[in-house]
Undergrad: 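There's a structure below that I have some questions on.
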Amino acid sequence: MRSRPAETPKTVAGFGLTASAILWMDLIIVLPLAVVLTEAFKGGLAPYLAALDDPDTIAAIQLTLLVAAISVPLNAVFGIGSAWCITRFEFKGKGLLLTILDLPFTISPVICGLVWILLFGTQGWFGGWLRDHDVKIVFALPGMVLATVLVTLPFVARELIPLMTDQGTDEEVAAVTLGARGWDVFFRVTLPNIKWALLYGVLLCTARAMGEFGAVSVVSGHIRGLTNTLPLQIEILYNQYETIAAFACASILTGLAIVTLILKTVLEWRFAGELAAHRRH
Amino acid sequence: MSLIVNTITKSFTNFAALHEVSFEARPREFIALLGPSGSGKTTLLRLLAGLDTPDSGSITFEGEDFLRLNARDRRIGMVFQSYALFRHMTVADNIAFGLNVRAAKERPSKAEIKAKVESLLDLVQLQDFGKRYPSQLSGGQRQRVALARALAISPRLLLLDEPFGALDALVRKDLRRWLRRIHDETGVTTVFVTHDQEEALDLADRVVVLKDGEIEQIGEPLELYRQPKTAFVFDFLGHANQAQGMLSGGSAQFDGFSVPAVSSAADGQITARFRPFESHVSKTGPGFPGKVLSILPAGSNLRLEVGLSDGIVYETQHAHDSEAATLRIGDDVVVLPTKVYAFG
């Protein structure tokens, strides 16, 4: 069913509500963003670039990208797999699985980091074994990846589940009766049908993975130039009153967020027709 | 026999099951599985397609044990109510799908596939639609593409699951004729699931009537219509008026009159049933007395509703030039069945 197209507000109440919504949004979103940029460029371009040329900051940027590059594909695969299971099969405990999937949304990120310390830290369940075999998980890359994966777990799956529920299994069943094998069904029918939603989920997941602070903070150990991601680096710089450097780093994260937002908008705009066709179909 | 379904039983934890269902289809035959929702007809179709496995019983096709083949190896053409076209592929790619996914050594050449797609587009009268996407087609056109796609793999058996269920009445009737023609041209054995009795009687060589997972009757359309075996079949195949009466010696006795009866019941108290067009209505004479409630056109007939004193409403049909045409709403009339049916 198609809803009535919206119209420009005509009544005083309609105008007032719209105006206050815009005002509120400016106050809550646009103003802080403006602050980040003004603070970063307060001393002009030279101090800004100098702040970013710091080896620790460059290491932090690299680590942030590396963590995202590992966690996002993991979550994409997990998201497709779990969405497939949940929408294609009926089984006991499905409701429970859906609830668990949402847990990272509701639970504090600090907990998401802490669990790995409790499991793999020196005093943790597997700490002794890991030390004996010289495997480092917490306060190293693996721990930060685990924490990021946990926090960003639901993004892809949550994007795919409603779409795949809506599309149903008829096309896949038809493909099977036409003689297609499992991989053929997946790559020729399932994946093309979910590709835009998948890309969208991956984008959100990436943005969140790069910006994650709480969980990563717990498992990182804050070793400068080694286990500091960009958000952690910002905190350190800020606490040392290096305002320009802190905001310069923040502007990079903000920039990444804005790029994500633009990509997302482009996706929605470019494929609006196709997405709408899916809904009509 | 081409398809032999033997004592198939299937139960689910929470919906329609099948209980010892058996039927057969001859080569080139068009079989309709007819029943209300929950009768198990779609379950039966899924078992034939290999999308589910029965708890017991056997399905053989041309002497081959179908249950030992999985869905993709049965080479069955299936058409769904939802069309189930691949939405991101063009019409031509949809039709070619079954050929394109074959293992390299069994796959026809690109030119052969293209020729096959062309000839199928011709068959379903969509010559100029090969490059379109499913969302650019009407419902009826989509279902024709779905049929072409199913036929592309040269199926041994064609299964149709309420294929016209989502279409409007006019398109439905049109496609029905067209489907029957395609069937006669290709000669593929076909099993068609529907809850629409008119569709089943109109299309099929033989109809299997299902109720609560069991077969009520199998027969040719006319046979079902003339010799329904159970009250369910009679009621399901068309409107049925009911009256209480006494059966004795092949006729049913009512208040002051008797009517010839087609009966499988023993003599004694019966619930007699009669069709709207197997009755006379007049102002005087024997019959069930009542008042005319409505007079409406029903194609080549007039359809009357007659309310009896005890609140029962009879539906009757008469020719436009019969006595019924002279009646007005509110007239006192009598309804006299010409033939009644009773079931044991």
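In what follows, chains carry the letters A, B, and so on, assigned in the order in which the sequence lines appear, proteins first and then strands, with residues in each chain numbered from 1. Atom set for the values below is all heavy atoms of this structure, side chains included, hydrogens, waters and symmetry mates excluded.
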Undergrad: Supply the atom-to-atom distance B/M89 CE to A/E171 CD, rounded to the nearest 0.5 angstrom.
TA: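 Output value for this atom pair is 8.5 Å.
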
Undergrad: Looking at chain A, which one of B/R74, B/R149, B/Q81 has the largest number of heavy-atom pairs inside 4.5 Å, strictly under?
TA: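 Among B/R74, B/R149, B/Q81, the one with the most close pairs to chain A is B/R149.
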
Undergrad: Please check if the number of heavy atoms outside B/K110 that lie under 6.0 Å from its NZ is greater than 12.
TA: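 Not more than 12 within 6.0 Å, no.
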
Undergrad: Over all heavy atoms of both residues, which pair between B/L51 and A/T177 is shortest? Give the atoms and the distance, please.
TA: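 That would be CD2-CG2, 4.3 Å.
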
Undergrad: When rounded to the nearest 0.5 angstrom, what is the spacing between CG in A/D170 and CG in B/L85?
TA: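 Going from the CG atom of A/D170 to the CG atom of B/L85 covers 10.5 Å.
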
Undergrad: Less than 4.5 Å to any heavy atom of chain A: does that hold for the side chain of B/N100, its backbone, both, or neither?
TA: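 It is both, since atoms from each part get that close.
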
Undergrad: Report which part of B/R102 has an atom under 4.5 Å of a heavy atom belonging to chain A: side chain, backbone, both, or neither.
TA: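 Neither part.
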
Undergrad: Please round to the nearest 0.5 Å and tell me the distance separating atom CG of A/N193 and atom CZ of B/F86.
TA: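 Here the interatomic distance stands at 9.0 Å.
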
Undergrad: Closest approach of A/V176 and B/A71, non-hydrogen atoms and distance?
TA: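 A/V176 and B/A71 have their closest heavy atoms at CG1-CB, 3.7 Å.
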
Undergrad: For residues 163-172 of chain B, which side-chain N or O atoms pair as donor and acceptor with protein atoms under 3.5 Å away, sequence neighbours left out?
TA:
unit_1 : atom_1 : unit_2 : atom_2 : d
B/D168 : OD1    : B/V171 : N      : 3.4
B/R172 : NH1    : B/L167 : O      : 3.4

Undergrad: For B/H88 and A/R188, work out which heavy atoms get closest and say how close.
TA: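 Scanning both residues, the minimum pair turns out to be NE2-O, 2.8 Å.
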
Undergrad: Show the nearest heavy-atom pair for residues B/A84 and A/A174, with the distance to one decimal.
TA: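 Closest pair (atom of B/A84, atom of A/A174, distance): O-CB, 4.0 Å.
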
Undergrad: To the closest 0.5 Å, what do you measure between CZ (B/F97) and CG (A/D184)?
TA: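 Rounded to the nearest 0.5 Å, the CZ-CG separation comes to 6.5 Å.
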
Undergrad: Does a sphere of radius 6.0 Å around NE2 in B/H195 hold more than 12 heavy atoms from other residues, nucleotides or ligands, not counting ones at 6.0 Å or beyond?
TA: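 Atom NE2 in B/H195 is not packed in, count stays at 12 or less.
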
Undergrad: At a 4.5 Å cut-off on heavy atoms, which part of B/I153 comes close to chain A: side chain, backbone, both, or neither?
TA: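 Just its side chain gets close to chain A.
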
Undergrad: Determine whether more than 12 heavy atoms belonging to other residues, nucleotides or ligands lie under 6.0 Å from atom CZ of A/F15.
TA: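 No, because the 6.0 Å sphere around CZ of A/F15 holds 12 heavy atoms or fewer from other groups.
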
